[in-house]
Amino acid sequence: PQYTPIPQPPGIPLLGNVRLLDRQTPFLCFQLLWKTYGDIYCLEFPGRRPVIVNSHALALEILDEKRFHKAVSGGMNELRTLVGDGLFTAHHGEPNWVVAHRILVPAFSPASIKGMFDDMFDICSQLVLKWERFGPEHSINPAEDFTRLAFDTVSLCTMGYRVNSFYNDTVHPFVTSMGAYLQEAQRRATLPTLVKGLISSSKWDLDRRSMNEIVDKVIKERKKGGNKRGDLIDLMLDGKDPQTGLSLDDENIRYQLLTFLIAGHETTSGMLSFIIYELLKTPHAYAKVREEVDTVLQGKPIRPEHLGKLPYIVAVMREGLRLHPPAPMIGLTPFKDEVLGGKYFIPKGTTMGLQVAWMHRDPLVWGSDDVEEFRPERMLDGKFEALPPKAWLPFGNGARACIGRAFSWQEATIALATLFQRFDLVVADSSYDLKLKQTLTLKPDNFYIHAIPRKNTV
Ligand code: HEM
């Protein structure tokens, strides 16, 4: 059959497109390539030829779990040195994934997450206290404080471990090690295998050992039987897969706990930072959030019963994740040779990247007038429910979708409602233009705000 060639940017002999991707912020190169090539293109690196998809129509094909499955490659593959076959980095079909998934899904259900409300509120109160104490003159980097919030929250809720980021000037050694490890994982992903074998790995090994030690200590103490909290770590130690009767061994439990810390802190923190950035640029939306919070909370601290009564905040979170999905790309690969859109040949073994951020701007789904605008109204009054299937996909796809969705949703709702109830937020530098920082996820870079305590909260 006659297939249509997939467009490819011009490359150099032997190295192909290696020099095309900016190591600091590959996301920006992908943006340029999307603008240049549109729905689909491929890149050429020594030994591989990834295909990148940007449109919703082609995405629907590669998200079909009968034809394609998750591909663990690049930085994510490097992370397997730390988190092995934990949920996030498990290859398709790895046996521990199924067992761990069945044991853990009930623990992440909305009902179980409600049980974590007080712990989440506890950490959020520490953030509020910090902003109050520093006062209105202080320049706050929201991305940094939201990272503290998210990290401390995941750590407390999943394994009862208080990182106490808000009580220390310097970040906890665990957080430093994890940040360094994530960055190095991304760097290693760009190196040829031969070079990787030659570079020094002593810092990388040290970071891994220190993270493992902290988590292993928590597991050991729990196994001694003391301080049971009925949290995720207890569930993993005591739980059995209902189908096979298997349970998770200590190493796998460590992989899962480290996975939750990695997957659960940068993402939620990026989401909150982008939302604050957009709300400060969009006065009508800012005013509506404030009005909703004041009407529903009536000046009292948020409680679990308020969570379902904040539809505008829900729309703000959906729209924030549409414009700025913190995990901007999903990796997939076909089970066998495939043809996309009836014309592009995709051989078995091809790594495909779905660029969620650009799919979230597909004019056939979102129109072309205001697709770059932050407009929570497009997610309100049944419009979100009426979207085509999988058009909004910040939490991934099918069986490998995010297990922590309800967790981050609740955590972010508590944070937004509480911050808008307690503070007037203003941009520190009104001429700030969005700059991006990319580790494994995306965040606004060098973005500062002031938080002025509100006198009258009702
Ligand atoms: C998977 C996004 C918060 C734990 C994923 C995936 C995405 C995602 C896109 C799929 C990745 C892929 O296909 O390769 C997000 C976003 C979050 C968030 C945008 C917040 C706004 C969390 C939290 C946790 C978490 C709070 C844990 C406490 C996980 C895990 C997986 C995952 C374990 C792997 C699931 C599996 O393959 O079985 N997340 N995530 N995430 N996420 Fe999240």
Side-chain angles (χ1 to χ4, degrees), residues 59 62-63 65 68-77 79-80 83 85-94 96-105 107-109 112-113 116 119-120 123 146-147 149-159 231-233 236 252 255-275 317-318 320-333 351-357 359-360 390 392-416 440-443:
I62 64 174
L63 294 170
E65 291 176 278
F68 292 81
H69 63 79
K70 168 160 168 163
V72 177
S73 59
M76 209 192 264
N77 203 27
L79 272 183
R80 282 181 60 100
V83 287
D85 58 0
L87 282 182
F88 189 65
T89 39
H91 292 299
H92 179 76
E94 263 187 291
N96 270 340
W97 180 83
V98 193
V99 174
H101 182 75
R102 276 199 293 255
I103 292 180
L104 283 163
V105 161
F108 279 100
S109 70
S112 307
I113 300 297
M116 302 175 188
D119 281 346
M120 289 184 175
I123 306 288
F146 288 145
T147 300
L149 174 85
F151 202 91
D152 284 33
T153 304
V154 185
S155 176
L156 182 61
C157 291
T158 58
M159 55 182 193
D231 54 11
L232 287 167
I233 184 168
M236 288 192 283
N252 192 269
Y255 287 163
Q256 306 300 355
L257 289 170
L258 286 168
T259 296
F260 299 145
L261 290 168
I262 295 175
H265 84 287
E266 286 221 343
T267 43
T268 311
S269 131
M271 166 189 181
L272 284 167
S273 311
F274 281 121
I275 286 176
M317 297 200 294
R318 287 174 178 158
L321 288 173
R322 178 187 73 84
L323 271 181
H324 307 287
M329 177 145 76
I330 296 181
L332 297 143
T333 189
T351 308
M352 320 270 306
L354 169 59
Q355 294 275 349
V356 178
M359 182 184 80
H360 281 172
K390 304 192 179 189
W392 183 85
L393 210 74
F395 290 104
N397 183 48
R400 299 304 296 268
C402 182
I403 204 170
R405 179 171 172 169
F407 186 105
S408 59
W409 210 252
Q410 178 169 302
E411 179 188 349
T413 310
I414 295 173
L416 288 171
L440 278 186
T441 58
L442 286 171
K443 292 218 191 87

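Just so you know, ligand 1 is whichever comes first in the structure, and atom 1 is the first atom listed for that ligand. Numbering starts at 1 and runs along the sequence shown.
Only backbone heavy atoms of Ala401 (N, CA, C or O) come within less than 4.0 Å of ligand 1; its side chain stays farther off. Only the side chain of Lys70 comes within contact range of ligand 1, with a heavy atom under 4.0 Å; no backbone atom does. When non-hydrogen atoms are compared, ligand 1 lies under 4.0 Å from the backbone of Arg400 as well as from its side chain.
Residues passing the side chain to side chain contact (heavy atoms under 4.5 Å, CB included) test with Ala150 are His265, Thr268, Ser269, Glu411, sequence neighbours excluded. Residues passing the salt bridge (Lys or Arg N to Asp or Glu O under 4.0 Å) test with Asp119 are Arg229, sequence neighbours excluded. For Arg102, the salt bridge (Lys or Arg N to Asp or Glu O under 4.0 Å) partners at least two apart in sequence or on another chain are Asp241.
Counting heavy atoms from C-beta outward, Lys443 and Thr147 have side chains that approach closer than 4.5 Å. Counting heavy atoms from C-beta outward, Thr333 and Phe68 have side chains that stay 4.5 Å or more apart. At a threshold of 4.5 Å between non-hydrogen side-chain atoms, the residues Val99 and Asn252 do not count as touching.
Of all atoms in ligand 1, numbered sequentially from 1 with element shown, those under 4.0 Å from a heavy atom of Ile330 are 13 (O). The distance from ligand 1 to the heavy atoms of Phe407 drops below 4.0 Å at these ligand atoms: 26 (C). For ligand 1 and Met76, the ligand atoms under 4.0 Å from any heavy atom of the residue are 14 (O). If you number the atoms of ligand 1 from 1 as listed, the ones under 4.0 Å from a heavy atom of Trp97 come out as 36 (C), 37 (O), 38 (O). Set against the non-hydrogen atoms of Phe108, the atoms of ligand 1 under 4.0 Å away are 28 (C).
Taken from CG in Leu354 to CE in Met329, the straight-line distance is 9.5 Å, to the nearest 0.5 Å. In this structure, CZ in Phe88 is found 3.5 Å from CE in Met76, a value given to the nearest 0.5 Å.
A parallel orientation is assigned to the rings of His324 and Phe274, their planes being inclined by less than 30° (bins at 30° and 60°). Taking the six-membered ring where the residue is Trp, Trp409 and Phe395 present perpendicular rings, their angle passing 60° and hence far from 30°.
Protein N/O/S atoms nearer than 2.8 Å to atom 43 (Fe) of ligand 1 total 1.
Nearest-heavy-atom check against atom 9 (C) of ligand 1 across Pro394, Cys157, Gly320 picks out Pro394.
Residues Phe407 and Met120 approach most closely at O-CE, 3.6 Å, considering heavy atoms.
Of the protein's non-hydrogen atoms, Met271 SD, 3.5 Å is the one closest to atom 21 (C) of ligand 1.
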